[in-house]
Amino acid sequence: MKQSLDTKIVNGGFSLALLLLCVVGAASYLNIAQLVANRRSVDHTHQVLAALDRTLDGIRDAERGRQGYLLTGSRTDLQIYHAGIDRTEAALTAIEELTLENRTQQQQLEEVNRLIEQRFELLQRSITLRQRNQFDRTGQQTLTSQGIVMDQMILAKLTAMETAEQDLLIQRTQATDSSVQQTQVFVGGGYLFSFSLLLAVYLLLKQEIRHRRTSENEQRQNNQQLESHIQERTTHLQEANQQLEREIAERHQAEQKLKLVLQAARLGSWQLDLTMGMLISSDQCKANFGLPPETELSYQMLFELIHPDDRLRVQELVRQAVENHTDYEAEYRCIWADGKTHWILAFGRPTYSDDGIPLRMDGVTLDITARKQVESALQASEAQLRLALEGAKLGMWDHDLVNHRMEWTERSKAIFGLPSDCQMNYALFLNALHPDDRDRVHQIVLKSIANQTRCDIEYRTVWADGTVRWVAVMGRAFYNEAGKPVRMAGVMIDISDRKYAEALLHESNQRITDILESVTDAFFALDRQWRFTYLNPRAEQLLLRTRHELLGKRIWDEFPETARSMFYWEYHKAVADQVSVAFEDFYPPLNVWLDVRAYPARDGLSVYFQDVTDRKAAEAELRQAKADLEVRVARRTAELLKTVELLQQEVHERQQVEAANQKFISLIESSSDFIGIASLQGHFIYLNEAGQKLVGLEEQEAVKCTRLSDYVMLEDLKEFSTSIVPAVIKQGQWVGEYRFRHFQTGETIPVYYNLFTIKDKRTGQPIALATVTQDIRQRKQAEEALRQSEAKFRSLSECSPVGVFMMDTDGQWVYVNPRCQEICGITADEAMGDGWKQSLHLEDREHGLMARSRAVAEQRGFIIEDRYIHKDGSIRYGRTQTAPIVSLEGDLIGYVGTIEDITESRAIDQIKTEFISIVSHELRTPLTSIRGSLGLLVTGIYNNKPEKAHRMIEIAVADTDRLVRLVNDILDLERLESGKLILTREICDVANLLFQAVEAMQPIACFENITLSVSSIDANIWADRDAIIQTLTNLLSNAIKFSEPGSTVWLWTEYVPFPPLPLTFFSPSKIKDGVSQPIN
Amino acid sequence: MTTKRILIVDDEERIREVVRACLEDLAGWEAIVAESGQEGLVKAASEQFDAILLDVSMPDMDGFTLFQHLQANPHTCLTPVILLTAKVLPSDRAKFAQMGVAGVITKPFDPVKITLEMAEILGWESGGVEA
């Protein structure tokens, strides 16, 4: 809108200025024409005045001639007379002609004519009188007097006429002066206004050019911004791509690590397809069953490997786990090919479909033979111990002081009359005690724990049916590192029998005491001197002495061994302290254990004793067993602790393995990649969820009906079977970008296909095919977007009317578009690196390179204009502009630059400047003359020099004409440029055109002494007659102007069959020294 | 005061005439004209002038070249030169300023003022007074 307004103002201003110039020119022309007319009038007045003078002179001459004739009678004087008359008449005739248009003067002239006629009659009468009467003085005087009167009258009339002419002259001079002044003011004012307008238009044009330059710069900046946006977007996409690739690599590493962990833990992984009963197992899993990796292990085969005794159990456990939705855990034996039995620990976890149908079970296996061996040894040892304990009728108990749990063996529970499935605890234990013993037992237990001493108690237990049994208990507490009691363990034995026996013995002793002889116990009595006073038969029996032998004899003499034994001390104690003593001691000479009860008596000492060797032996045996038991318990405890520790460690390891396994499974399941396994025949065995989703398979079941080839596009099948499958079989892997098809929509899915064989570790033979395939749709889309963006940028750049190049941070060119190559005049290969510098003009090179390297050093853009020299020597001007490209991190990564070919615009600017300069010069030249001549006239210095004034006016007129022509030319040019020049075309004869042009220029040529020659062809052309003639006359005018006098200017025509239209060329040339020279 | 002698070099006949009329009739100086650069050079070298009024655009030799020739000639190098030109663009002005001429008078000019302007440029007393 603005631009159109400006253009209108410019056009309007220009047109107005030109119009004004025309008007001024026209006005000047009219004024000057008026001046010329005035001038003619002045000349006319002067002529009238002169004629009047001549009339008077004629009359005077006639009078002088008359007078001479009167005096001399000479013919000469008569001739003077006649000449005067003729002159007068001629003058009068001239006056009559000159004053034809002046009525007043005509009337006066008639008067004068009449008077002169009368005057001439007087003269004639005088002459005639002289001729007849030679000296008639009187007559002559009269005539003379009348003549004088007539002369005065004539003079008065002529003077009146002269005065009238003088007045006319003054009027006309004044009119001329005023006309000159008006013209000056009008022309001066008009031109001043026109030039002001032209100046305004010039300024407006300048402003317009500046606006355009600004908008061009803005456009260039926008262009740069767009390019830098594209660059940023490209960088961003590349980074996203790299990130994606890094993530994929990390995922691969994690998988690899997991596999390594599984390998290191010697964990075999397996997967049981519960619907099909198919088993997939890892190499390690197979190794656990003693199978080489290449073996295809089926579920059936696996069961055959399991020990026959375990098969059913394992099958049951699997069934239970699946039914109950629990984890499956089993330890079982398997028989290796070499016949050895190995223990396997297996874990598994079933997976169900959404509607609860069991799909598969994933699990791991571990060879635990070594642990089992240890355990079995331990169990054997434990069984022996148990056997020993059972033999000794010992019950074992174990009290966990931390968790307050008690473990009792069945024997222990039996001792307490409790059922074997009874869960023991301390309260129950205390409750089972005889009420009288409870507190005591509890105190002893506490004391034992506190003092870290053995606990050795006998107490009674009351059975449910009221039976009271005696129990002997031995035990001790165990402490942790901090000294805190953690458990208490020990054994117990039912000692009711012994207790009853003891009681019975006691009763018996009593009876013996009472009835000495009848007692079944041995008895002897000693006096104070330790002499036997009595022996009962039993004593004789036991001591292997008869009464006779021993009565009256000292015991210490008869049984000297006793003197150093317990017997001695006990007996003495009984006697000395008068207390009964009871003791058991071994009496080596008799090799018997004796249970002795000695009672002091008044006369000595009564001793009851019995042989308890058997019991003692049993007791000793019991003690020995107890000691052994303790040792073994301690050892067993330590072993158990160690086992517990090992088990804990194992459990921890198993948990870790389980977690790792779980992680692996969930990794595969949660992986976004297509992960699948297929048999060597290509039948799919497994495909993870992401894989199913990718190709539109809804369940694992459907996957199993597919083959590897089903996933590829139909058109890729041939390539798949002829190149990819063989490559995988031969090289073990094929990796590359490929296409999958969607099972439901048939859509093409671009993927990164990694198909590889799973090999047996030992044999290296392939056992299955697996694939980890990535969905690269997004990447492809990104790549496509990038490619499109790049293509867009490239095509933008390739089609750009502006040269585009890219530099690295060192200023080396790395890209150049075709336009840039065109501007610089070099090929892309030549431009790369430093090559482009060769195209810089030598004169601009040093400055240009310095400016560029300075900008690069300061990491900023620059703008420079310099010249590029082409191989053909032509020169182009280019305006180079660069901008730095900065990465997202803010690092400089290069520069992008544009080169604009400004050769044309420079040339146009140049032409424009030259045009304005020329037009200004051409307009000013005639104006100078006009202004100068009119200025001189205005000063009035030529008022008295009409010739000079006339000349000045002529100069003004000539240059006014020239100015008008110039303005017309400019108008034509403007019309031609704006397409408003209407050409009236018609069929014209070429020869006729040439003739007309030459005819028009012939006078000038003659004046300059130049010959015009024409050479025409016989042809008709379709053209605007006037325009062509004008052109030809201009050409001829120039030719004449630039030719020397005496030379010939030739104008000839030529027919050129130039497709698509034949053209006729007109061409002038001049002949100088006989040589034809073309004229531009 | 002696009459000034001015050499007018211009290829335009009517301008020559008008300028001459100004100098002679208004200022009373003596004006000698040359129709071309070549003629101007010859006249300048062969006669003595107080100043040269020189047109810039001439077909055979432009004012710049002529001025250089004048400067190169010891006989003419001291004669002050005033350019009389229709070239008024800033670029032309700059070029004139570099030449070292005594002054520049632009066309068209006021005939009364041209003599005053010349006198001022050349440091003379006004020509009009002498007329």
Side-chain angles (χ1 to χ4, degrees), chain A residues 184 187-188 191-192 194-195 198-199 202-203 206 909-910 912-945 947-963 966 1038 1041-1042 1044, chain B residues 8 10-29 31 33 35-36 38 53-60 62-64 83-96 104-118 127-128 130-131:
Chain A
Q184 201 174 15
V187 168
Y191 282 125
L192 192 65
S194 302
F195 276 106
L198 279 175
L199 189 66
Y202 171 73
L203 289 174
K206 241 182 128 176
D909 280 351
Q910 186 64 31
K912 211 183 281 174
T913 311
E914 278 174 12
F915 176 75
I916 291 168
S917 171
I918 289 165
V919 167
S920 161
H921 183 265
E922 290 301 312
L923 286 171
R924 278 170 181 272
T925 304
L927 276 174
T928 307
S929 309
I930 296 169
R931 178 73 181 85
S933 57
L934 295 179
L936 283 167
L937 283 172
V938 165
T939 55
I941 55 164
Y942 297 139
N943 284 353
N944 298 324
K945 293 177 183 169
E947 296 82 13
K948 277 263 185 183
H950 186 64
R951 178 57 195 155
M952 285 301 128
I953 288 162
E954 274 176 358
I955 287 172
V957 169
D959 271 324
T960 306
D961 288 342
R962 181 177 171 182
L963 197 57
L966 261 172
N1038 280 346
K1041 193 175 174 183
F1042 291 100
E1044 285 161 19
Chain B
I8 301 163
D10 201 312
D11 63 320
E12 288 285 337
E13 187 199 346
R14 289 190 287 272
I15 292 178
R16 277 199 309 273
E17 207 173 331
V18 170
V19 174
R20 185 180 187 164
C22 291
L23 303 190
E24 288 184 342
D25 299 345
L26 283 177
W29 294 335
V33 295
E35 294 179 10
S36 64
Q38 200 63 45
L53 205 51
L54 181 59
D55 181 27
V56 174
S57 306
M58 287 182 290
D60 66 330
D62 65 23
F64 303 114
L83 293 178
L84 184 61
T85 179
K87 287 184 178 289
V88 292
L89 295 186
S91 54
D92 299 325
R93 289 272 176 203
K95 208 168 172 186
F96 301 152
V104 180
I105 294 172
T106 53
K107 296 175 180 176
F109 53 84
D110 184 329
V112 178
K113 287 182 186 165
I114 188 172
T115 52
L116 298 172
E117 211 171 331
M118 279 179 71
E130 286 181 19

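Atom set for the values below is all heavy atoms of this structure, side chains included, hydrogens, waters and symmetry mates excluded. Letters go in sequence order (proteins before strands), and every chain restarts at 1.
- A salt bridge links B/Asp25 with A/Lys948: at least one charged nitrogen is closer than 4.0 Å to a carboxylate oxygen.
- Across B/Lys87, B/Glu17, B/Arg14, B/Lys107, the residue that shares the most heavy-atom pairs under 4.5 angstrom with chain A is B/Arg14.
- For a residue to count as touching a neighbouring chain, one of its non-hydrogen atoms must lie under 4.5 Å from one of that chain's; by this rule B/Asp10 does not touch chain A.
- The number of heavy-atom neighbours closer than 6.0 Å to CD of B/Glu13, taken from other residues, nucleotides and ligands shown, is 12 or below.
- Salt bridge present: B/Glu12 and A/Arg962 bring a charged side-chain N and a carboxylate O closer than 4.0 Å.
- Side-chain atoms of B/Asp92 and A/Ser917, non-hydrogen and from C-beta on, do get closer than 4.5 Å to each other.
- Here the closest non-hydrogen pair linking A/Gly932 and B/Pro111 is O-CG, 3.5 Å.
- Contact check for A/Arg924 versus B/Pro108: side-chain heavy atoms found under the 4.5 Å cut-off.
- Heavy-atom contacts from other residues, nucleotides or ligands closer than 6.0 Å to NE2 of A/His950 number 12 or fewer.
- Contacts of A/Tyr942 with chain B are made by side-chain atoms alone, with heavy-atom separations under 4.5 Å and no backbone atom involved.
- In this structure, the side chains of A/Thr928 and B/Val18 stay at 4.5 Å or more apart for every pair of heavy atoms.
- Options A/Leu927, A/Ile941, A/Thr939, A/Thr925 differ in how many heavy-atom pairs under 4.5 Å they form with chain B, and the most are formed by A/Thr925.
- With rounding to the nearest 0.5 Å, the separation of CG in B/Asp110 from CG in A/Leu936 is 9.5 Å.
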